[in-house]
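Reviewing the structure listed below.
Throughout, a chain's letter reflects where its sequence line sits, starting with A, and its residues are numbered from 1. Please read all numbers here as calculations on a predicted model, not as lab measurements.
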Amino acid sequence: MRWVNRRIGRGQALLLGGLPLALVVLGYVVAAAARHAENPADKILPLPGAMASAMAALLFEPDPLSGELLFWADTLASLSRLGIGLGIATLSALLAGLMLGALPPVRAFFSPLVTAIAVIPPIALLPILFIIFGLGETAKVALIVVGITPFMLRDLAGHISALPREQMVKALTLGASSWQLLLRVALPQALPRLIEELRLSLGPAWVFLISAEAIAADVGLGYRIFLVRRYLAMDVIIPYVGWIALLAVAMDFVLSRTSRLAFGWAHKARR
Amino acid sequence: MRWVNRRIGRGQALLLGGLPLALVVLGYVVAAAARHAENPADKILPLPGAMASAMAALLFEPDPLSGELLFWADTLASLSRLGIGLGIATLSALLAGLMLGALPPVRAFFSPLVTAIAVIPPIALLPILFIIFGLGETAKVALIVVGITPFMLRDLAGHISALPREQMVKALTLGASSWQLLLRVALPQALPRLIEELRLSLGPAWVFLISAEAIAADVGLGYRIFLVRRYLAMDVIIPYVGWIALLAVAMDFVLSRTSRLAFGWAHKARR
Amino acid sequence: ALALAAAMAVAGCSDAKSPAEPRTEFNIGWSIYAGWMPWPYAEQAGIVKKWADKYGLTIKFVQVNDYVESVNQYTAGKLDGVTVANMDALTIPAAGGKDTSVIILGDYSNGNDAVLLKGGSDVAAIKGRKVNLVELSVSHYLLARALETNGMKLADVKTVNTADADIASAFTSPAVTAAVAWNPQLTAMKGVPGTTAVFTSADIPGEILDLLVVDTATLKANPNLGKALAGIWYETMALMARQDAQGQDARAAMAKLAGTTPKEFESQLSTTFLYTDPKAAVAAMASPELVTTMKRVRDFSFAQGLFGQGARSADAVGMAFPGGKTLGDKNAITLRFDPTFMQLAADGKL
Amino acid sequence: MLRLSNVWVEYGEKVVLERISLDIAEGAFVSVIGPSGAGKSSLLRVILGQDQPSRGRITLDGRPLPAECGPDRGVVFQRYSVFPHLNALGNTMLGLELAGAPFTARLFGSARRAARAQAEEMLAAVGLADSLHLYPSEMSGGMQQRLAIAQALIMRPRILLLDEPFGALDPGIRADMHVLITRLWREFGLTIVMVTHDIKEAFALGTRVITLDKRRHDPHAPQRYGAGVIYDIALTRKTASDEQANESTSITID
Amino acid sequence: MLRLSNVWVEYGEKVVLERISLDIAEGAFVSVIGPSGAGKSSLLRVILGQDQPSRGRITLDGRPLPAECGPDRGVVFQRYSVFPHLNALGNTMLGLELAGAPFTARLFGSARRAARAQAEEMLAAVGLADSLHLYPSEMSGGMQQRLAIAQALIMRPRILLLDEPFGALDPGIRADMHVLITRLWREFGLTIVMVTHDIKEAFALGTRVITLDKRRHDPHAPQRYGAGVIYDIALTRKTASDEQANESTSITID
Ligand SMILES: Nc1ncnc2c1ncn2[C@@H]1O[C@H](COP(=O)(O)OP(=O)(O)OP(=O)(O)O)[C@@H](O)[C@H]1O
Ligand SMILES: Nc1ncnc2c1ncn2[C@@H]1O[C@H](COP(=O)(O)OP(=O)(O)OP(=O)(O)O)[C@@H](O)[C@H]1O
Ligand SMILES: [Mg+2]
Ligand SMILES: [Mg+2]
C-alpha cells in the first residue's frame with residue numbers, strides 16, 4: 001500500500017508519535033551522563049536526579065521571603081498573562097481581520113499600517129512600549145498582543161478574502177448588508193481558522209511572554225528561567241521549559257478538540 | 001454601494017494606505033515635540049533632526065577603526081543572516097511539510113515532536129543553543145530557523161492535508177506513486193502557500209534575528225540597536241527600526257509579486 | 001532532535017577533553033564595560049597580535065553582547081577565558097565545578113555601580129519601594145550592602161528583575177522609582193530628572209572587582225597564554241593611562257567600541273579604579289581584604305541560593321588566594337586568585 | 001424591464017460575448033441554451049451584477065443596473081454553492097433571517113418559528129424533508145443543488161437567474177422541480193432567466209428561448225470572436241394544464 | 001471480473017447502501033441510475049477504493065480489491081475535479097508523464113512531444129483544441145468536465161468509473177462524447193460503470209442498466225434503510241451502427 005494511503009490508528013499513532021520524543025529524552029540522558037562522567041559538577045546538562053531535587057524545592061518548599069510555592073506562583077502568573085494576552089490578541093485579530101478581509105476600503109486603508117506593524121520587531125522598540133504601557137502587567141500583556149496579533153490578523157484577513165466569491169454574491173442576493181455578511185458568512189467561517197491560528201501562535205506567544213518576563217518581572221516562568229540563567233542552573237531551566245512545552249501542548253490539544261466539536265462542518269469537508 | 005463591494009483603485013489605495021502611516025509619523029513628531037518642550041534633553045522620543053544627524057555619522061562616516069560604514073556593514077550582516085535563516089527554514093519547512101502533510105505514517109511519527117518543538121520557546125534555551133552552535137554565525141541563523149520553521153512546517157502540513165481528497169484519488173488513478181504525488185500534486189500547490197507563510201514569518205524572523213544579535217554579535221542591525229540601547233540612544237534605534245521595517249516591507253512586496261507572477265493559477269481562482 | 005542530542009554530546013565531550021592538551025589557539029570572551037574595553041582595543045591596535053606572536057599563539061577576542069551569556073559560554077567550555085566580575089566568577093563557573101583562575105585583576109568599581117532613587121536623597125527612602133535591578137548580580141550585592149550599612153534588610157524592599165539592556169529605558173518610566181545599575185546604563189539613568197545616586201560602589205571600594213579569568217586546566221597546559229594576556233593587558237594599560245594625545249586616541253577608540261562618546265567614556269573611567277600598575281594589582285590580590293570581600297560575597301551568594309541546590313553550606317565552593325590562604329571547601333577549590341602573571345609583568349619578565 | 005444594449009464580455013484578450021442586445025419583459029421565463037463554453041454563465045454573471053460588462057450597458061426599469069447584486073435578483077449557480085457552515089435548514093432560512101433582523105441577522109421566538117416552518121416547507125418541496133440537519137459536505141451533489149434552489153426560491157426575488165439548476169437531478173425529481181418553479185413563477189410573477197442543456201426543458205418551461213453561439217470563427221485566433229444571440233424564439237404562453245400533461249407523459253422530441 | 005458481495009455503506013447511523021451484490025463482467029458497460037441521494041456516487045467510491053464498505057467484500061478477478069485506488073481504475077468525478085495548478089494540456093498529460101517517468105514525473109524531449117501529441121489529440125476529441133493553455137479557473141463548467149474526461153480517458157484504465165460525466169454538456173457535444181466513449185470502450189475493451197440521470201443515455205450506451213433505490217422506507221427514521229439494486233436489466237449488445245443511427249435521429253422515450 002502506498003504511503004499516502006496508509007491510515008494510522010489512534011493507538012498506533014500514540015506509539016509512533018511517542019517514539020521520537022522518547023528518543024530525544026534518551027539522547028539527552030546519554031549526553032548528560034557522558035558529560036557528568038567527565039565533570040561530576042557539570043551544570044550544562046544536569047542529570048534527571050539533579051533536576052528532580054532542584055524542582056522539588058520549587059514545587060514543595062515555600063519561599064522563605066514570600067511564603068509562596070515558587071513553581072506554582074510562577075505558573076499562575078505566566079498563565080494569566082498569557083491568557084489575557086492571547087484573549088486580547090484573538091479578539092482584536094478577529095474583529096480587525098474580518099473587516100480587513102471583507103471590506104476592501106478598510107483593507108486599502110489599514111493594510112500598509114498592519115504590514116508595517118507586523119514587520120517591526122517589538123522588542124526593538126521596548127523603550128517606547130514602556131512609555132505607553134509602563135512596566136507592569138500591562139506591558140507584558142501588550143508585548144504578547146503586539147507580537148502575535150499582526151500574524152493572526154493578516155492570516156485571517158487573507159482567509160476571509162479568499163472565501164469563494166460566489167458565497168459573497170449569494171449572500172448579497174439573499175439581501176445581506178455588509179454588516180450581516182460579516183456576521184453570518186464571514187464570522188462563522190473565520191472561527192475555525194482563528195482557532196488554527198491560535199494554535200500556531202502558541203509558540204510565538206510563549207516566546208514573547210518569556211521575553212517580557214525577562215525584561216522586568218518578579219514572578220513568572222520566564223522570570224525564573226532568566227533569573228537562574230545567571231548561574232546556569234540548567235537543572236531548573238530544563239524542567240521549566242519542559243513544563244512550558246507541556247502546558248502549550250495541552251492548550252494545543254484543547255483547542256484542536258474545541259474546533260472539532262464546535263465547527264464540525266469545517267472538519268467534515270476535509271475527510 | 002455596499003462596503004463589501006467597493007473596489008479600490010491602485011492610486012486611491014496608495015493614498016488611503018499612506019494616510020494612517022502619515023498620521024503615525026505626525027503623531028510621533030507631535031509627541032516628541034511635546035516631550036522636548038518639557039525636557040529639551042529628552043532621549044526617548046528624539047526629534048527628526050537629531051535622528052538625521054545621528055544617522056549621518058553611521059551612514060557616511062567610515063568607522064575609524066574598521067574603515068567600514070557601520071550602517072551598511074550592519075545591514076549586510078543582518079540581511080545575510082536573515083537570508084540564510086529564511087532559506088533554510090523555508091526549505092526544511094517545505095520538505096518536512098510535504099511529508100507530514102501527505103504521508104500519514106510520517107505525520108503520526110513526527111507530529112508530536114514537531115508540536116513540542118513548535119511550542120518550546122527557543123529563547124529559553126539560548127544557552128544550550130549557543131553551546132551547540134557556538135557563538136558564530138551558525139547560532140544566529142539557527143535561532144531564526146528554530147524560531148520560524150515549526151510554524152511554517154505545521155501550517156504547510158495542514159494546507160497539504162486539507163487538499164481535496166478527490167485530487168489525491170485522481171492522481172492515484174492516474175498511476176502516481178507516493179513520490180510522484182508529492183512532486184506533481186502536493187509540491188506545486190504547496191509553493192504559493194509557502195510564499196504566503198514566508199511573508200507572515202518575516203516579522204518573527206526579524207524578532208529572532210535581533211534577539212540573537214542582542215546576545216552574541218559584533219555587527220548587525222540588532223547588535224547596534226542593543227548596543228546603543230545602553231545609552232538610550234533612541235535617535236539611532238528609531239531610524240534603525242524604521243529601516244528594518246522598510247526592508248521587511250520591501251521583501252513582503254517582492255514575495256507577493258513573485259507569487260502572483262509564478263503562481264498565477266492560485267490567484268486567478270480567487271478573483 | 002536526535003542529531004541535536006548527538007551534537008550536544010559531541011559538543012560536551014570535545015570541550016571537556018581539550019583543555020588538558022597544549023594548544024595554540026584560544027578564544028577569550030568579553031562584553032562591553034568600561035573596565036574591559038582595553039581588551040578589544042588591544043586586539044584592534046595590534047597589541048594582541050604582537051604578544052600572541054611572541055609566544056607563538058593565536059588569541060581571539062570574542063564579543064558577547066550579553067554579559068551573562070558570555071560567562072555562561074565560558075562555563076560551558078566554549079571560551080577559554082572571559083571578562084567577569086568577582087561575584088559572577090564565583091557563582092557561575094566556580095560554583096558550576098569549573099576550575100577557574102583569576103589571572104588579571106583589572107579594576108574595581110569606584111562609582112560605576114549605584115543605587116538610584118527618584119525623589120529621595122538617602123538610602124533610608126528606599127524602604128518599601130520596588131527596586132528594579134539585575135537580580136543575583138553585583139547590583140543585587142550592592143543593594144544588599146547599601147541596605148546593610150543603613151540598618152535594613154533585603155526583605156525591606158521588593159526587587160524586580162530587569163534586564164541590563166532594558167534597565168535604562170525602564171527607568172524613564174514614571175512607574176519605576178528605584179533602581180540599581182552599572183555603567184554605561186548608569187550614566188543615562190542619572191540623566192532622568194529628579195534622580196539621585198544614594199549609594200555607590202565608591203562607598204564600598206574594592207568589593208566589586210572586574211577580572212579576567214581563564215580555565216585552570218588550559219592555563220596549566222599553556223602557561224604562555226597567561227603570559228601573553230598579562231603582556232597585552234599592561235601594555236594597553238600603559239598606553240591608556242597616558243594623558244597625551246596618544247592616550248586620548250586610545251580612550252576615544254575604546255569609547256567608539258563601546259558605542260559611546262569619548263566624553264561619556266572618560267566619565268565612566270573616572271569612576272573605575274584601574275590597576276594600571278601591575279604591582280598594585282599584585283598587592284591588592286595578596287591583601288587580606290580580598291579574602292574578607294570574597295567571604296562577604298560568598299555569604300551573600302549562598303544566602304541567595306546561587307550555589308545551586310547541591311550546596312548545603314557557604315563553604316561548598318572552595319577558593320584559593322595567594323600565599324596558600326583558602327576559603328571554603330579545600331578539596332573542591334574551583335576559584336584561584338593567581339598573581340603569577342601579574343607578578344611577571346611587574347617584574348618586567350614577560 | 002431588463003435591457004442589455006450592445007453588451008460585450010471580455011477576459012483579457014479573449015472575447016466571450018459580443019454585441020448582446022436583449023430586452024427581457026417583466027414576468028418572462030427566458031431559457032438560454034448554447035454550446036459549452038459559449039458564455040451562458042458569463043451572461044448570467046453580468047445580469048447578476050457580479051461581473052461588469054467590458055462594453056455596453058444594462059438597464060433595469062430604465063435605470064442603469066447597480067454594479068452590485070442585491071436582493072432583487074436571486075441566483076442558483078452552476079456549481080451548487082451553498083454555505084458550508086450552515087445545515088440545510090440554516091442555508092434555507094438565511095435569507096429570511098437577513099430580511100427579518102437587520103442587526104442581529106438572526107430570528108428569535110415566533111418569528112423564528114415562522115421562518116423555520118417556511119423553510120421546512122420549501123425543503124419538503126425540493127425533496128429534502130429528511131435532510132434538514134445535514135451539512136452540505138454530507139449531501140450528494142443533487143441534494144446540494146436542490147438546497148441551492150430552495151435557498152434562492154424562498155426569497156421570491158424579482159429576477160431569478162438559474163444556471164443549469166436541474167443538471168444533477170434524476171428525471172422524477174426534475175419533473176417535481178419543473179412543477180415547483182412554474183408554480184412560483186406564476187404565483188409571484190417572477191422574471192426568470194434559466195441556462196439549460198436540456199432542450200426539451202428549455203422549450204417546455206420557457207416563454208422564450210435564446211441560443212448563444214459564435215457567429216464567426218477564426219480558426220487561427222479562436223479567442224478573437226465572441227458568442228452572440230443567434231436564435232431568439234418567442235413561444236406562445238402555455239397554460240399550467242398543458243405543462244402538467246407534458247410532464248406526466250414525458251414524451252418529447254429533443 | 002468485479003464482484004460485490006453483500007456490500008453495505010454507512011455514514012455513522014445513516015445506512016446509504018445495503019446488501020449490494022453485483023457481478024460485473026469484463027468489458028461490460030454498466031449504467032447506474034437512481035434518484036438523487038440514493039447512493040450512486042457512494043457505490044462508485046467504494047468500487048474505486050476511495051471509501052471502504054462498512055460490511056461485505058469486493059473482489060477483482062477473485063482477489064480482494066486493494067483498499068487503495070490505482071491506475072487500473074480511472075474516474076471522472078461528479079464535481080469536475082481537475083488539478084487547479086495545471087492547464088488543460090498539463091492536466092491531460094499528467095497520467096502519461098507519471099507512467100513514463102517514475103522518478104522525475106516529467107517527460108522531456110521526444111517522449112514529451114509524443115505525450116503532448118497524444119494529449120492534444122484527446123483534447124481535440126473532447127472539443128478543447130482551442131483551450132490547451134487555459135487553467136481550470138478560466139474554464140466554463142462544461143469545459144472542466146470535458147477536461148476531466150480527457151484526463152481519465154487518455155490512460156485507458158481497465159475499469160472506468162464515470163459519475164454523471166456528461167451532465168453539464170450541451171446535446172451536440174454530448175453526442176460527440178457518446179461516440180468517443182463508445183469507441184474507446186470497444187477498442188480497448190474497457191469495463192465502464194457510469195452513473196447518469198439521463199435514462200435515454202443509460203440505455204443507449206450501456207450493456208446493462210442498474211437502478212439503485214430504497215427498497216423499504218421508514219417515515220420516522222429515514223436513515224434506517226439504505227438503497228439496494230431494484231432493477232438490473234441486461235441489454236442486448238448493440239452494434240456500432242445501431243448506436244450511430246440512434247444518436248443522429250435522437251428520438252427516444254425517456
Ligand atoms: N459524510 C456523510 N455523512 C452523512 N451522510 C452522507 C455523507 N456523505 C454522503 N452522505 C449521504 O449518502 C447518501 C448518498 O450520497 P451519494 O452522493 O452517493 O448520492 P448520489 O446517488 O450520488 O446522489 P446524486 O445523484 O445527487 O449525486 C446521501 O443521502 C447523503 O446524504
Ligand atoms: N477568468 C477567465 N479567463 C479567461 N477566460 C475565461 C475566464 N472565465 C471564463 N472564461 C472563458 O469564457 C468562456 C465562457 O465561459 P462560461 O462559463 O460563460 O461558459 P458557459 O456557456 O456557461 O459554458 P458551460 O455550458 O460549459 O457552463 C469560456 O470559453 C471560458 O474559457
Ligand atoms: Mg456555465
Ligand atoms: Mg452523486
Check: [X] side chain, [Y] main-chain N or O, donor-acceptor pair, under 3.5 Å:
{"X": "Thr216(C)", "Y": "Thr100(C)", "result": "yes"}
{"X": "Lys118(C)", "Y": "Phe171(C)", "result": "yes"}
{"X": "Gln185(C)", "Y": "Asp164(C)", "result": "yes"}
{"X": "Tyr74(C)", "Y": "Asp215(C)", "result": "yes"}

Residues from residues 133-144 of chain A approaching chain C under 4.5 Å (heavy atoms)
Gly134(A), Leu135(A)

Any residue of residues 73-90 of chain A which, by heavy atoms, sits under 4.5 Å from chain C
none

Contact class of [X] relative to chain A, heavy atoms under 4.5 angstrom:
{"X": "Ser169(C)", "result": "both"}
{"X": "Val160(C)", "result": "both"}
{"X": "Asn132(C)", "result": "side chain"}
{"X": "Asp66(C)", "result": "side chain"}
{"X": "Thr334(C)", "result": "neither"}

With no hydrogens and no angle check, just 3.5 Å: does a side-chain donor-acceptor pair link Glu135(C) and Thr159(C)?
yes

For the residue pair Asn183(C) / Tyr33(C), report whether a side-chain donor-acceptor contact shorter than 3.5 Å exists.
no

Checking heavy atoms, do the side chain of Ala233(A), its backbone, both or neither come under 4.5 Å from chain C?
neither

If I measure from the heavy atoms of chain C, does Leu126(A) come under 4.5 Å with its side chain, its backbone, both, or neither?
side chain

For [X] and [Y], which heavy atoms make the closest approach, and how far apart are they?
{"X": "Pro204(A)", "Y": "Leu200(A)", "result": "CD-O, 3.4 Å"}
{"X": "Leu116(C)", "Y": "Met189(C)", "result": "CD1-CB, 3.6 Å"}
{"X": "Arg35(A)", "Y": "Ala76(C)", "result": "NH2-O, 3.6 Å"}

Quick one: are the ring centres of Tyr240(A) and Phe71(A) less than 6.0 Å apart?
yes

Taking [options] one by one, which has the highest count of heavy-atom pairs under 4.5 Å against chain A?
{"options": "Leu136(C), Thr172(C), Val71(C)", "value": "Leu136(C)"}
{"options": "Asn161(C), Asp166(C), Thr162(C), Val68(C)", "value": "Asn161(C)"}
{"options": "Thr91(C), Val176(C), Ile92(C)", "value": "Ile92(C)"}

Decide yes or no on side-chain contact (heavy atoms from CB on, under 4.5 Å) for Leu47(A) and Met51(A), but give the supporting numbers first.
CA-CA 6 Å; Leu47(A) 287 170; Met51(A) 292 196 237; over 6 Å; no

Taking only Lys NZ, Arg NE, NH1 and NH2, and the carboxylate oxygens of Asp or Glu, determine whether Arg229(A) and Glu69(C) approach each other closer than 4.0 Å.
yes

Considering the options Leu211(C), Val84(C), Leu209(C), Asn86(C), which one meets the side-chain contact (heavy atoms from CB on, under 4.5 Å) requirement together with Val102(C)?
Leu211(C)

Under the side-chain contact (heavy atoms from CB on, under 4.5 Å) test against Tyr67(C), which residue among Val82(C), Val134(C), Asp88(C), Thr83(C) passes?
Asp88(C)

